[in-house]
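Working notes, structure below.
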Protein chains: 2
Amino acid sequence: MNEHANGHYSASSYRTPDGAPSDIVIFTITSSERAGAKKALPTRRLEVLLIKRQKWPFEGLWALPGGFTKETETVEECARRELEEETGVSDVHLEYFNVYSKPGRDPRGWMLSHAFVALVRESFLAGRRTSDEAADVALMPVEDAVGLELAFDHRSILEDALERIRVRMLTTTIAKEFLPEEFTLSELYQVIRAVIPSFEERNFIRKVTSTQSRKGILEEARDASGEPKTSNRYSQRPAQLYRFTDYSPMLSIYG
Amino acid sequence: MNEHANGHYSASSYRTPDGAPSDIVIFTITSSERAGAKKALPTRRLEVLLIKRQKWPFEGLWALPGGFTKETETVEECARRELEEETGVSDVHLEYFNVYSKPGRDPRGWMLSHAFVALVRESFLAGRRTSDEAADVALMPVEDAVGLELAFDHRSILEDALERIRVRMLTTTIAKEFLPEEFTLSELYQVIRAVIPSFEERNFIRKVTSTQSRKGILEEARDASGEPKTSNRYSQRPAQLYRFTDYSPMLSIYG
DNA sequence: GAAATAGTGTCTATGAGACAATATAGC
DNA sequence: GCTATATTGTCTCATAGACACTATTTC
């Protein structure tokens, strides 16, 4: 154990890491009906999944789900495995974003933590929230989570993850990870606002449908006979359904 | 050595990593005078620094500079230390971009490599290229480097690094890392083109100077008396000098 | 005046941004 | 008809993109 694979390597007497965990910031967007109105846009909120630690260190504190990488897998495979063990979901958007290696960050030893963001649709986690271990696993609003004392340096990790998805929400099409295949533009707008409360575009519909440079990221959903598909789930007047294309524009600050 | 810091940790019988190297993709842009013309724009080329390995494994192959992280430092501190040892430069732009952890990627054992991009001005490396170890250290055009067989998975790392700086060249102001404090718009344009050969903007000057949304990333350089500063280093007619402001716009695919 | 790069004029089409106005369907 | 959301009309101004033209200095 912990011997080097062979002796050609002069660093074999060096101290080596005690582990390389992957930690996963699992985000979801919950919808809740607004009281009163019958057909009204639901309130959407960005939430993060945390686990209450059962043992030393940081026993009793909330922490990000995660686990140790094995020598037979990549850190990404580890994250995907832990994600499935923890939430039962697979095939979700998982994105590596940083490594945390500050000496002393883990009292158990020299641990290099690899942090991922996972984006999960609310429906995927539906069963989870009512499971027996509900007390140890919580889905909580991000504003609440960043206000808590978390285990290890998980608060920094969470803040970095948040920053990360805010940037990527605006520069990539990850909004699709929180939406059904076909959605209305109000839904899209709400998803963006759930992640970035300050996002405000008065003419949102105008822009995403008519802008030449951005045209191409969205297309109208049509049924078998070619008629535009609409939905009146959230409105009296049916709204046009859209879907993301697989085109992703290249942004530039220079033009 | 390699014992866990304490016994509370149930994973203490697991295999642990054999090392966590940092590898650094050091980019620079070289300028060379074009033959013939007296005052002409130099040719700028993106180059990468590679080191010829002297020992097993991959002896004789070119590799990215790097080295092992110590338990008393972060992987970033390791990268910065290695960068200085290797090139003598400090205070340069250094950016972490990915971890490489595929089992078997390093025949010496279970190594998790943390990859960085460093952006260095040509002048910083000037002394280095004529040093004694010139045969072991090379600054070579990136097109050449990606065509070579490199040690470990360094070719993948290099390709990823290239993709990374191409995106960041267009979405952030890292172009400043390759330019003097004050520069002409032709120089800026050339730097962008050295990194992204396909970048073409006919009205480059127009855009960066007159666009409201982008206005703010650049400002005209002025001398003590408030007069605009110009340079005729590369042209007969003097060109206005600019500098980057510290404003960095937030791009969005939605408007 | 030729060379070499810097910068402007001009024209057209399109987009941004603001808001008012109208449309649709359920209640 | 009221409500709540969806969508279009309209107007103004700024920008994109193309390309010809003028400017400035050195040789």
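For clarity, every value in this text was computed on a predicted model and none was experimentally measured. Chain identifiers are assigned alphabetically (A, B, ...) following the order of the sequence lines, protein sequences preceding nucleic acid strands; residue numbering begins at 1 within each chain.
- Remark: A:Glu201 engages A:Lys207 in a salt bridge (charged side-chain N to carboxylate O under 4.0 Å, His left out) (not counting sequence neighbours).
- Within residues 188-203 of chain A, the residues having any heavy atom closer than 4.0 Å to DNA chain C are, in order of number, A:Arg202, A:Asn203.
- The side-chain hydrogen bond (donor to acceptor under 3.5 Å, both in side chains) search around B:Tyr100 returns B:Asp160, not counting sequence neighbours.
- Under the rule for a salt bridge (charged side-chain N to carboxylate O under 4.0 Å, His left out), B:Arg166 has no partner lying at least two apart in sequence or in another chain.
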Interface polar pairs with nucleotides 11-13 of chain D, N/O, under 3.5 angstrom:
none

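- Every pair passing side-chain hydrogen bond (donor to acceptor under 3.5 Å, both in side chains) that includes a residue from residues 173-183 of chain A is listed here, sequence neighbours excluded: A:Thr173-A:Lys176, A:Glu181-A:Arg243, A:Glu182-A:Lys229, A:Glu182-A:Arg243.
- When the salt bridge (charged side-chain N to carboxylate O under 4.0 Å, His left out) test is applied to A:Arg237, no partner is found at least two apart in sequence or on another chain.
- The side chain of A:Lys207 contributes no N or O atom lying less than 4.0 Å from OP1 or OP2 of C:dA16.
- By the salt bridge (charged side-chain N to carboxylate O under 4.0 Å, His left out) test, B:Asp23 is found to be paired with no residue, residues two or more places apart in sequence or in another chain being considered.
- Look at CG on B:Leu185: it is 15 Å from P on C:dT5, rounded to the nearest Å.
- Atom CD1 of B:Ile205 and atom P of D:dG17 are 16 Å apart (whole Å).
- Listed by chain and number, the residues in a side-chain hydrogen bond (donor to acceptor under 3.5 Å, both in side chains) with B:Ser198 amount to none (sequence neighbours excluded).
- For C:dT24, the OP1/OP2 oxygens have no side-chain nitrogen or oxygen of A:Ser235 closer than 4.0 Å.
- Aromatic pair A:Phe178/A:Phe27: ring centres not closer than 6.0 Å.
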